[in-house]
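Remember, it's a predicted structure, so these values are computed and weren't measured experimentally.
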Protein chains: 2
Amino acid sequence: MENKVRVLLYEDNRDLREGIAFLLQATPGIELAGAFPHVNNLKSELHAHMPDVILLDINMPGMSGLEALPIIKSLYPKTQVIMQTVFDDDERVFQAIRSGASGYLLKNTPPAEIVQAVFDVYRGGSPMTSSVARKVLQFFQQPPKTHPAGHLLSSREQDILKGLMKGYSYKLIADELHISIDTVRTHIRNVYDKLQVNSKTEAILKAMKEGWISNSGQ
Amino acid sequence: MENKVRVLLYEDNRDLREGIAFLLQATPGIELAGAFPHVNNLKSELHAHMPDVILLDINMPGMSGLEALPIIKSLYPKTQVIMQTVFDDDERVFQAIRSGASGYLLKNTPPAEIVQAVFDVYRGGSPMTSSVARKVLQFFQQPPKTHPAGHLLSSREQDILKGLMKGYSYKLIADELHISIDTVRTHIRNVYDKLQVNSKTEAILKAMKEGWISNSGQ
DNA sequence: CCGGCAATCACATAAAGGTGTGAGGGGGGC
DNA sequence: GCCCCCCTCACACCTTTATGTGATTGCCGG
């Protein structure tokens, strides 16, 4: 291939840092531009080395990797960042993803796979530990959340609520369902009681939060 | 370990099927319950073998893997399904994820990793090819979509709109922003003009669709 | 300096929404 | 049969929204 992959490594544990650094240095196609125990000089290091890929530990003394990530991505959006950590709690994972991480490896990842991950992100992939991937997937899979309201709302009431969620007026809903506007009022009244709200807007927002979101109508 | 992992394999390519089947059979801890070239007898096979993990090819003659997946998950929600395909287009990937796939491997995955993936999903992970993982991550990251309205709405108008999206009444918004209710009216009037709507509800729905969703208030 | 726009406020009117009260018919369970 | 819930409708009354028509102030740029 053309150029080597320029890599920066941030890892506070000395043994780990030196171990990974050694491995990266020894790998053809990778150029280890630097290995540091903290991100306190992040900006100047970024500017000096212009890395393609950054291996970034989350837990470091001083500024954490999660704080450093958005800085990196705002300065050099094309730099690919692989997060490394011993923890895979939802909060960190999603914060990292939102901030633009391209990979997420737990610390128990074998060194050989770390090297593989570097090439992976460089080629446009997103290597991640399978437990992290599971968290991400679960986010998509319809939160089989228990519709707390699903049970209490009668089917007619659900019809009316769907009408509201499409932005319809009472009159429109009445026409669509072929009932009188007063009936619509009555249903809405009951829906409000059951949902514990007292306005159209609140009902819609609540319905959406609870997962009624079928907001594709029209 | 306790029991073996019971695996079903669906793959129409004979060589591939027999190759993977051989490997799975030879792996301690795995019990290959069956290997089939199509899913036409899916239900009876599921019932007969009660697999823990299913390796499911997407492109098969007759019913496709994407069609089979929701059936599997509705019948046996706890069964872990790993999708396999040569394609990684967004459409299929997300359809599979929404339908409950637990893993997604491209066909160029080395056999050894396929075996690893079986154990991975069984232990609650979600092995996926890094290119697939990238697609999934991008889904989270790109929301910085172009706010078509972001430009036309003045900052004060955005304040008011955010208030609406929190379900506030004019009066509440007025109080919160320390302005008169008539001023709120005026702003809302202008927002409606710019968004081409004519009710609170429409404005909120439109704002959400366009990505203003910061609906975390309160 | 002037025109344009953002932001503020006012007054007025009509339409839509929220709430109280009541009521009749149908179906299911006990 | 009686009770309860769902669905239907009606009328009344008040609040909130939507819209029309102005007006004042302040900032920015030509």
Side-chain angles (χ1 to χ4, degrees), chain A residues 146-210 212-215 217-218, chain B residues 147-210 212 214-215 217-218:
Chain A
T146 60
H147 285 207
H151 288 295
L152 27 158
L153 288 194
S154 76
S155 81
R156 207 49 167 167
E157 286 163 351
Q158 294 183 37
D159 290 342
I160 268 82
L161 183 49
K162 281 176 195 163
L164 291 184
M165 287 197 280
K166 287 195 282 188
Y168 290 0
S169 67
Y170 289 9
K171 170 142 184 40
L172 256 177
I173 295 174
D175 287 352
E176 200 186 32
L177 299 180
H178 308 299
I179 56 180
S180 98
I181 194 169
D182 274 308
T183 303
V184 174
R185 286 177 195 278
T186 304
H187 284 309
I188 286 182
R189 196 196 317 256
N190 293 329
V191 170
Y192 289 0
D193 278 351
K194 293 181 180 177
L195 292 189
Q196 297 270 305
V197 298
N198 46 38
S199 82
K200 208 177 172 179
T201 311
E202 283 180 278
I204 293 173
L205 292 176
K206 184 149 194 168
M208 295 194 139
K209 266 190 213 153
E210 314 280 311
W212 292 74
I213 25 100
S214 62
N215 169 29
Q218 180 185 15
Chain B
H147 286 204
H151 288 294
L152 28 155
L153 289 194
S154 75
S155 79
R156 206 49 165 168
E157 285 162 353
Q158 293 184 39
D159 290 342
I160 268 80
L161 183 50
K162 282 176 195 163
L164 290 186
M165 286 198 280
K166 287 195 282 187
Y168 290 0
S169 67
Y170 290 9
K171 171 143 184 41
L172 255 176
I173 295 174
D175 287 352
E176 200 186 34
L177 299 180
H178 308 297
I179 56 181
S180 98
I181 194 170
D182 273 308
T183 303
V184 174
R185 285 178 198 281
T186 303
H187 284 308
I188 285 181
R189 196 196 317 259
N190 293 328
V191 169
Y192 287 3
D193 278 350
K194 293 181 180 177
L195 293 188
Q196 297 273 303
V197 298
N198 46 38
S199 82
K200 208 176 171 181
T201 311
E202 283 181 275
I204 292 172
L205 292 176
K206 184 149 193 166
M208 295 194 139
K209 268 191 210 151
E210 313 281 307
W212 292 75
S214 61
N215 170 28
Q218 181 181 9

Regarding [X], tell me which of base, sugar-phosphate or nothing describes its non-hydrogen contacts under 4.0 Å with the strands shown.
X        : result
B:Ser169 : sugar-phosphate
A:Thr186 : base
A:Asp182 : base
A:Asn198 : sugar-phosphate
A:Arg156 : sugar-phosphate

How many whole angstroms separate atom [atom1] of [X] from atom [atom2] of [N]?
X        : N      : atom1 : atom2 : value
A:Arg189 : D:dC11 : CZ    : P     : 14 Å
B:Tyr168 : D:dT16 : OH    : P     : 16 Å
B:Ile204 : C:dG17 : CD1   : P     : 13 Å
B:Leu153 : C:dA7  : CG    : P     : 10 Å
A:Asp193 : D:dC6  : CG    : C1'   : 15 Å
A:His187 : D:dC7  : NE2   : P     : 6 Å
B:Asn190 : C:dA7  : CG    : P     : 9 Å
A:Ile160 : D:dT8  : CD1   : C1'   : 11 Å

| task | With rounding to the nearest 0.5 Å, note down the distance linking CG in A:Asp159 to CG in A:Leu177. | result |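 Answer rounded to 0.5 Å: 5.5 Å.
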| For the side chain of B:Tyr170 and the backbone of B:Thr183, is there at least one donor-acceptor N/O pair under 3.5 Å apart? |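 No; judged by distance alone, with no hydrogens or angles, the pair does not exist.
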| query | Is a donor on one side and an acceptor on the other found under 3.5 Å between the side chain of A:Lys206 and the backbone of A:Val197? | reply |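 No, the answer is negative, given that no donor and acceptor are paired below the 3.5 Å cut-off.
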| task | State whether B:Lys166 and B:Glu176 are salt-bridged, where the test is any N-O pair (Lys NZ or Arg NE/NH1/NH2 against Asp/Glu carboxylate O) under 4.0 Å. | result |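 Salt bridge flag = yes for B:Glu176 with B:Lys166.
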| Would B:Arg189 and B:Asp193 pass as an ion pair if we require N to O under 4.0 Å? |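 A salt bridge is absent here (no side-chain N lies under 4.0 Å from a carboxylate O).
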[X] side-chain N/O to [N] phosphate OP1/OP2 under 4.0 Å:
X        : N      : value
B:Ser155 : C:dA6  : no
A:Thr183 : D:dC9  : yes
B:Tyr192 : D:dA18 : yes

| query | If you pin B:Thr201 and B:His178 to their nearest nucleotides in DNA chain C, which one's is more 5'? | reply |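 Taking each residue's closest nucleotide, the earlier one in sequence belongs to B:His178.
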| field | Closest-nucleotide 5' rank along DNA chain D - winner of B:Arg185 and A:Leu177 | value |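 Upstream on the strand: A:Leu177.
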| field | Residue A:Ser154, side-chain heavy atoms: nucleotide from C:dC9, C:dG18, D:dC7 that is nearest | value |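 For A:Ser154, the side-chain atoms sit closest to D:dC7.
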